[in-house]
Amino acid sequence: MTTNALGTVAALRKSIPVHRGCARPLLVEAGHGTALWGGDGSLGLASRRRPLRAHAVTQLIEHLEKAPAASVTICPIGPLTNIAVLITMRPDLASRIERLVVMGGALEGGNASADAEFNIWFDPHAARIVLGADIAIVLATLDVTRGLVLTPGIARRLSRAETPAARLAARLAPLAGHESHPSAIFDAATIAFLLWPELFEGRRGRISVTTGEDGPRGRTTLRADETGPHLVLTGVDKTGFFERFVATLCREPAAP
């Protein structure tokens with residue numbers, strides 16, 4: 001994951017710090033996506049840079065220590081191990097976080113198992129810690145993100161653009177796709193929600209996680225509550241999403 005991050009930053013010609021995070025789940029044995037879906041996990045992007053020496057959690061702590069109350073939005077798009085370690089080490093910094101916008105969870109069937117979405121399944125104990133914290137959380141669940149499939153037509157439109165971001169998206173889109181695991185751009189839903197919340201529908205409540213000891217590993221369940229701390233995204237305007245997604249990467253005006 002760190003190598004892919006460094007390669008992506010290089011391909012985009014950006015100077016963005018990359019820090020290595022936790023290497024394994026808190027308690028369970030690691031189960032990697034390569035074992036579930038094949039491949040070697042590499043995006044094939046070269047970079048001469050190395051990750052910075054500071055651990056990702058240390059960097060988060062340093063950033064939050066300098067931040068005003070409720071001023072930081074964090075978008076975890078992988079397992080929640082780093083965030084769980086942060087909250088456990090420094091629970092006093094939770095108040096500096098305005099909200100987490102997480103790609104994770106599934107209410108209607110998973111992809112890592114019949115019950116669980118991969119990011120939550122990979123480290124269910126970390127997910128339980130994070131979802132149990134006193135932090136506002138938005139979850140872009142598999143139920144919504146699995147439908148955001150980047151079609152060949154969209155990829156061709158991106159490949160004709162002049163911007164590095166559009167060309168990179170077109171190049172990478174086919175790498176994730178096969179019949180059981182289509183090339184949906186799951187993680188993009190987190191940023192899309194921040195940019196265009198009007199495209200999404202959701203239900204408010206509280207999400208609970210089973211860890212394997214008390215139910216299927218990584219299963220997420222929503223208890224509806226209009227005053228709950230979790231907003232679970234349940235629907236998205238896919239046409240509007242892709243029009244704005246493509247226009248943003250290509251730096252074009254989006255259609256109304």
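Of all the heavy atoms in Ala140 and Thr190, the pair that sits closest is CB-CG2, 4.4 Å. When every heavy atom of Val209 is checked against every heavy atom of Pro124, the shortest pair comes out as CG1-O, 3.8 Å. Considering every non-hydrogen atom in both His55 and His19, the closest pair reads C-CB, 4.3 Å. Residues Ala136 and Glu98 approach most closely at CB-O, 3.8 Å, considering heavy atoms. Taking every heavy atom of both residues into account, Ala155 and Leu150 meet most closely at N-CD2, 3.5 Å. Across all non-hydrogen atoms, the minimal contact from Gly105 to Ile120 is N-CG1, 3.3 Å.
At most 12 non-hydrogen atoms from other residues, nucleotides or ligands lie less than 6.0 angstrom from CZ of Arg203. Within a 6.0 Å radius of CG in Asp134, no more than 12 heavy atoms belonging to other residues, nucleotides or ligands are found. Dense packing is recorded around CZ of Arg204, with more than 12 heavy atoms of other residues, nucleotides or ligands lying under 6.0 Å away.
Judged by distance alone, with hydrogens and angles left aside, the side-chain atoms of Thr248 form a donor-acceptor pair with the main-chain N or O of Arg244 at under 3.5 Å. A side-chain donor-acceptor contact under 3.5 Å links Asn119 to the backbone of Ile77. Without hydrogens or angle criteria, Ser113 side chain to Asp115 main chain gives a donor-acceptor distance under 3.5 Å. Although no hydrogens or angles enter the test, the distance criterion places no donor-acceptor pair under 3.5 Å between the side chain of Ser47 and the main chain of Ala10. Side-chain N or O atoms of Thr210 include one that pairs as donor or acceptor with a backbone N or O of Pro216 at under 3.5 Å. Remark: the backbone N or O of Trp121 is paired with a side-chain donor or acceptor of Arg217 at under 3.5 angstrom. A donor-acceptor contact shorter than 3.5 Å links the side chain of Asn111 to the backbone of Phe118. A side-chain donor-acceptor contact under 3.5 Å links Asp143 to the backbone of Glu108. Judged by distance alone, the side chain of Arg24 and the main-chain N or O of Ala30 form no donor-acceptor pair under 3.5 Å.
Classification of Glu243 and Arg157 as a salt-bridged pair holds, one side-chain N sitting under 4.0 Å from a carboxylate O. The residues Asp214 and Arg219 are annotated as not salt-bridged, no charged nitrogen and carboxylate oxygen being separated by less than 4.0 angstrom.
Looking at His230 and Leu139, their side chains come closer than 4.5 Å, going by heavy atoms from C-beta outward. You'll find the side chain of Val28 reaches within 4.5 Å of the side chain of His125, heavy atoms only. Residues Arg167 and Glu162 meet the side-chain proximity criterion, which asks for heavy atoms closer than 4.5 Å. Ile137 places none of its side-chain heavy atoms less than 4.5 Å from the side chain of Pro229. Considering only heavy atoms from C-beta on, Val236 comes within 4.5 Å of Leu148 through its side chain. With contacts defined as side-chain heavy-atom distances shorter than 4.5 Å, the pair Leu222/Arg206 does not qualify. The closest side-chain heavy-atom distance from Leu45 to Thr3 is not below 4.5 Å. Put simply, the side chain of Val57 reaches to within 4.5 Å of the side chain of Met89, judged on heavy atoms.
Taking OG1 of Thr88 as the reference point, atom CD1 of Ile129 lies at 4.0 Å (rounded to 0.5 Å). Between the CD1 atom of Ile207 and the CG atom of Leu131 there is a distance of 7.0 Å, given to the nearest 0.5 Å. Here Phe122 contributes atom CZ and Thr81 contributes atom OG1; the two are 6.0 Å apart, rounded to the nearest 0.5 Å. For the atom pair CD1 of Ile97 and CG of Leu100, the computed distance is 5.5 Å after rounding to the nearest 0.5 Å. Leu6 CG to Arg49 CZ: the interatomic distance, rounded to the nearest 0.5 Å, is 6.0 Å. Atoms CG and CD, from Asp237 and Glu198 in turn, are 9.5 Å apart once rounded to the nearest 0.5 Å.
Leu52 and Ile74 fall into different hydrophobic clusters, where Ile, Leu, Val, Met, Phe, Trp and Tyr side chains are chained together by heavy-atom contacts under 4.5 Å. By the criterion of side-chain heavy atoms lying less than 4.5 angstrom apart, applied directly or through intervening Ile, Leu, Val, Met, Phe, Trp or Tyr residues, Ile154 is not grouped with Leu172; the two fall into different hydrophobic clusters. Cluster annotation: Leu195 and Phe200 are assigned to the same hydrophobic cluster (Ile/Leu/Val/Met/Phe/Trp/Tyr, side-chain heavy-atom contacts under 4.5 Å, transitive). Cluster membership for Phe241 and Val144, using ILVMFWY side-chain heavy atoms within less than 4.5 angstrom, is shared. Transitive grouping of hydrophobic side chains (ILVMFWY, heavy atoms separated by less than 4.5 Å) keeps Val72 and Leu194 in distinct clusters.
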> Hey, mind stepping through Thr145 and Met103 against side-chain contact (heavy atoms from CB on, under 4.5 Å) and telling me if it holds?
Replying inline: CA-CA 8 Å; Thr145 59; Met103 192 280 118; 3.5 Å; yes
>> Pair Ser208, Thr220 - check side-chain contact (heavy atoms from CB on, under 4.5 Å), show working.
In response: CA-CA 6 Å; Ser208 59; Thr220 48; over 6 Å; no
> Stepwise, does the side-chain contact (heavy atoms from CB on, under 4.5 Å) test hold for Leu64 with Leu86?
Replying inline: CA-CA 10 Å; Leu64 290 171; Leu86 165 68; 3.7 Å; yes
> Taking it one step at a time, do Ile191 and Cys75 satisfy side-chain contact (heavy atoms from CB on, under 4.5 Å)?
Replying inline: CA-CA 8 Å; Ile191 305 303; Cys75 295; 4.0 Å; yes
